[in-house]
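Please read these numbers as outputs of a predicted model, since none were measured by experiment. Lettering follows sequence order; numbering is per chain, from 1. Only this structure's heavy atoms are used, side chains among them; waters, hydrogens and symmetry mates stay out.
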Amino acid sequence: MAKSNDPRTEPELPDGYYLDNFNSLLDTVCRLYNDLLTPEELAFYSSFKDLPDDAARLYVRLISRVGPGFRVQRLVYADISDVDQAVQDLLDSKFLASEDRLTPGEMNRLFRKDEIASAFGGLIPDLPRNIRKSELVEHVVGLDLTEVQLLECVTSDSSDVVVSPLHTEVLLVLRLLFFGNAYQNLTEFVLNDLGVMRYFPYQLDKEHRLFPDRASLEEYLALLQCRDQYDLAMESDDRAAVCALARDLAQGHKDSRIATRWYRLNTRLARQLERWQEFELALDLYAVTVAHPARERSARIHYQCGNFVSAGDMCDVISSAPICEAEKDFALRFRPRIQRKLKIPVDAVAPDCFAEQRLSLQHHEGGVEAAMVAHYNSGGTSAFFVENGLINGLFGLAFWQQIFASIPGAFVNPFQIRPLDMNSPEFYQRRRVVVEQRMEELRETGLQELKNVYIELHGYSNAWVNWGLLTKSLLDLAIARIPYEHLEMIWRRILFDPAANRSGLPDLVLFPSAGSYRLLEVKGPGDSLQDNQKRWLRFFQEHSVPAEVAYVDWQ
DNA sequence: CTGTGAATGG
DNA sequence: TTCACACAATCGA
DNA sequence: GATTGTGTGTCTCCATTCACAGCG
Ligand SMILES: [Mn+2]
Ligand SMILES: [Mn+2]
């Protein structure tokens, strides 16, 4: 594939590209997961392959769009000569269903306001002229028609037909098996072919399947269903449904391959239960959730309920084996409050004392950070508003090959911007040897090497590198001014917990004309340091990395 | 008439 | 599949 | 000061079309 740096030359996609993409997905899944598919899913595969070309094209068009229903008269595609024939073929082969009813929501989505007004206006007395569409639909709902009558009435003028694609549950399975997640879809192919996204050519692992058996696939489907149930229940304020789901989830998930995803859902749900004062249920859920902040929330619930001993016990459990630094910090800060309640000696925690400066600046539209950048730039110091972008970018460049190294199970689809285990604690352990080698190499030969990486790999998608922010001139300055030893210490902290430590880095990096560098967190009026920002500042203090906080107010 | 936002296709 | 950050409101020590 | 909830920009792009709402 020829690559061009000229942004004006957009590659042209071949006729029927979207069907090709879908077929490619379909073939890949059937090749890799043939033994996992149900008879129904296999039947989908073979009958899809039997469809006439136009019908297959139309089906793929529709499943890529917002549904579920579509008006046949509105379907116009230049590359499908006879849409009506394609619709008929899809109806005959059970890839489309012709709807005989319409929910108010679907009517609202599929029909224009004037169409609805002319269909039902005669039935609604004193209909205000300037009524909003949603209110008009409410009036129609007030007519108490059946959904069948709704469809009949609203299509009586145009005699249009509403159809919906079938087998959407099979499509979800296919997507899940191909991508390994439920959020990526066919547009990935298009964005890749257009050059909008450029994925690094890592080696796909065909030996290790993400889903070794049907059960692991079913578990993922169950997770998705629980998520949907929760979202649905929250939308309709159905507290009983949320509680029922919580009791279900509180059964726990032993030997789950997707435990961390369950934990995220548990936490989201339990937080909501806390807001509803459903403390016992929340505690049950937190008890089966082995992820931060489950134990922190448990301690807070105990405290709030007056169970100070239980709260203290929970803090002790945390301190004896903290899951992460945030959890460890929490126990330290929270324990004194409990001890005061219990009237026992208090383990006071020393307050932070970071280097700081205070100054007043002219009001600036870009906020305090931009005002500080302008302030320094006018004084001869190069300043960049980078937040996490600089350090993470340097990390991504430094360890590019290690991040994209072929590790069993790390890459399961062609459209990944990070290995699947990037956020797990084992990321470093699995790559320890090569990561240490890389550090030794950089320590010996210097950071200049990163310029080569930058030029060679510029534009490839990497979860750590924001190419728009990390300009060449910023990189050059950073390499020239930041000692390798500082960066290595910082990278080790990132490697220690990549998920948590990729954030909280200071707003600005400063490069004074006289040399050296400095990191600066800017705080405007009413703003204060966040916990993760404090942890980085403590780390910088400990390792003599120049960093300080600037408290700014407006002149 | 204009501005806005969702949807769409590439 | 969001996340990371700032900002605002509220509360208790 | 601590905690909690909310808003904002951004997220992997961009041109085009459509429907709607509010205004004069
Ligand atoms: Mn910031
Ligand atoms: Mn800041």
Side-chain angles (χ1 to χ4, degrees), chain A residues 7-8 10-18 21 57 60-62 64-67 70 74-79 108-117 129-137 179-199 224 227 231 261 264 268 271-272 274-275 293 296-297 300 303-304 330 333-334 336-337 340-341 346 351-352 366-369 385 387-389 392 415-418 423 459-463 465-469 499-507 521-533 552:
Chain A
R8 286 167 303 179
E10 285 208 346
E12 213 153 281
L13 301 180
D15 176 54
Y17 68 93
Y18 52 94
N21 294 340
R57 287 185 181 208
V60 176
R61 287 286 195 195
L62 295 189
S64 316
R65 291 178 52 178
V66 175
F70 298 92
R74 294 278 186 89
L75 299 178
V76 181
Y77 291 106
D79 61 331
N108 183 45
R109 192 176 62 81
L110 290 172
F111 293 87
R112 287 195 315 269
K113 190 166 112 176
D114 59 290
E115 292 173 316
I116 297 170
R129 216 190 311 275
N130 288 340
I131 191 171
R132 277 202 302 265
K133 191 186 184 187
S134 56
E135 290 166 343
L136 173 62
V137 172
F179 292 108
N181 59 61
Y183 59 85
Q184 287 183 296
N185 55 47
L186 287 174
T187 65
E188 302 291 337
F189 288 84
V190 181
L191 292 181
N192 186 47
D193 290 343
L194 286 174
V196 170
M197 299 287 298
R198 290 180 57 212
Y199 293 95
L224 294 174
R227 269 190 211 162
D231 291 338
R261 288 170 206 264
R264 276 177 81 104
R268 202 149 59 99
R271 279 312 307 258
Q272 187 54 49
E274 284 188 67
R275 285 176 204 114
E296 168 178 340
R297 298 311 313 170
R300 288 187 189 280
Y303 183 92
Q304 200 179 334
F330 161 75
R333 279 181 296 115
F334 202 61
R337 283 173 55 183
R340 272 188 280 271
K341 289 286 185 188
V346 170
D352 290 308
V368 277
E369 297 91 350
F385 182 18
E387 283 185 340
N388 308 307
N392 286 348
F415 309 113
Q416 290 182 228
I417 60 175
R418 67 167 78 87
N423 289 342
Y460 279 118
S461 295
N462 178 326
V465 183
N466 181 342
W467 293 109
L469 189 92
N501 294 336
R502 59 178 300 148
S503 63
L505 287 149
D507 292 317
E521 171 57 40
V522 186
K523 286 301 174 193
D527 191 11
S528 49
L529 290 170
Q530 298 173 26
D531 289 341
N532 57 352
Q533 293 174 332
V552 178

request  = Taking only the side-chain nitrogens and oxygens of A:Arg109, find out if one of them lies under 4.0 Å from OP1 or OP2 of D:dC18.
outcome  = no
key: Phosphate OP1/OP2 of B:dG10 contacted by A:Tyr17 side-chain N/O (<4.0 Å)   = yes
When you compare [N] with [M], how far apart are their [atom1] atoms, in angstrom units rounded to a whole number?
N      : M      : atom1 : value
D:dC23 : D:dA19 : P     : 22 Å
D:dC13 : C:dA4  : C1'   : 22 Å
B:dG9  : D:dT4  : C1'   : 43 Å
D:dT8  : C:dT1  : P     : 24 Å
D:dT10 : C:dC7  : P     : 15 Å

How would you label the contact of [X] with the nucleic acid (heavy atoms, under 4.0 Å): base, sugar-phosphate, or nothing?
X        : result
A:Val66  : sugar-phosphate
A:Tyr77  : sugar-phosphate
A:Leu191 : base
A:Arg129 : nothing

inquiry  = So if I define the base as every atom that isn't primed, P, OP1 or OP2, how would nucleotides 19-24 of chain D read as a B/S/- string at a heavy-atom cutoff under 4.0 Å?
reply    = SSSS--
remark   = Contact string for nucleotides 1-7 of chain C, one letter per nucleotide 5' to 3', B = base within protein heavy-atom range under 4.0 Å, S = sugar-phosphate only, - = neither, reads BSSSSBS
ask   = If pairing requires Watson-Crick or G-U wobble contacts with both distances under 3.5 Å, which nucleotide is the partner of C:dC5?
value = D:dG7
Nearest whole angstrom, please: distance from the [atom2] of [N] to the [atom1] of [X].
X        : N      : atom1 : atom2 : result
A:Arg57  : B:dG9  : CZ    : P     : 14 Å
A:Leu13  : B:dG9  : CG    : C1'   : 9 Å
A:Arg65  : B:dG10 : CZ    : C1'   : 14 Å
A:Leu529 : D:dA2  : CG    : P     : 11 Å
A:Phe70  : B:dT8  : CZ    : C1'   : 11 Å
A:Arg271 : D:dT3  : CZ    : P     : 11 Å
A:Leu194 : B:dG9  : CG    : C1'   : 9 Å
A:Asp79  : B:dG9  : CG    : P     : 10 Å

Can you name the side chain to side chain donor-acceptor pair (under 3.5 Å) partners of [X], sequence neighbours left out?
X        : result
A:Asn501 : A:Arg493
A:Asn532 : A:Ser503
A:Tyr77  : A:Arg65

message = A:Tyr199: which residues meet the ring-ring contact (aromatic ring centres under 6.0 Å, His included) condition with it, sequence neighbours left out?
response = A:Phe415
Pairing residues for A:Tyr303 by the ring-ring contact (aromatic ring centres under 6.0 Å, His included) criterion, not counting sequence neighbours = A:Phe308, A:Phe334
inquiry  = The criterion is salt bridge (charged side-chain N to carboxylate O under 4.0 Å, His left out); which residues satisfy it with A:Arg264, sequence neighbours excluded?
reply    = none
note = The salt bridge (charged side-chain N to carboxylate O under 4.0 Å, His left out) partners of A:Lys133 (sequence neighbours excluded) come to none
How far does [atom1] of [X] sit from [atom2] of [Y], to the nearest 0.5 angstrom?
X        : Y        : atom1 : atom2 : result
A:Leu136 : A:Asn108 : CG    : CG    : 8.5 Å
A:Tyr18  : A:Asp193 : OH    : CG    : 14.5 Å
A:Arg340 : A:Arg337 : CZ    : CZ    : 8.5 Å

Heavy atoms from other residues, nucleotides or ligands near CZ of A:Arg132 exceed 12 (cutoff 6.0 Å) = no
Check nucleotides 10-13 of chain C for protein N or O atoms closer than 3.5 Å to its own N or O atoms and list the pairs.
from, atom 1, to, atom 2, distance (Å)
C:dA13, OP1, A:Lys341, NZ, 3.1

Contacts of type side-chain contact (heavy atoms from CB on, under 4.5 Å), residue A:Asn181, not counting sequence neighbours = A:Phe179, A:Tyr183, A:Gln184, A:Tyr220, A:Asn413
side-chain contact (heavy atoms from CB on, under 4.5 Å) partners of A:Gln533, counting only residues at least two apart = A:Glu521, A:Lys523, A:Leu529, A:Gln530
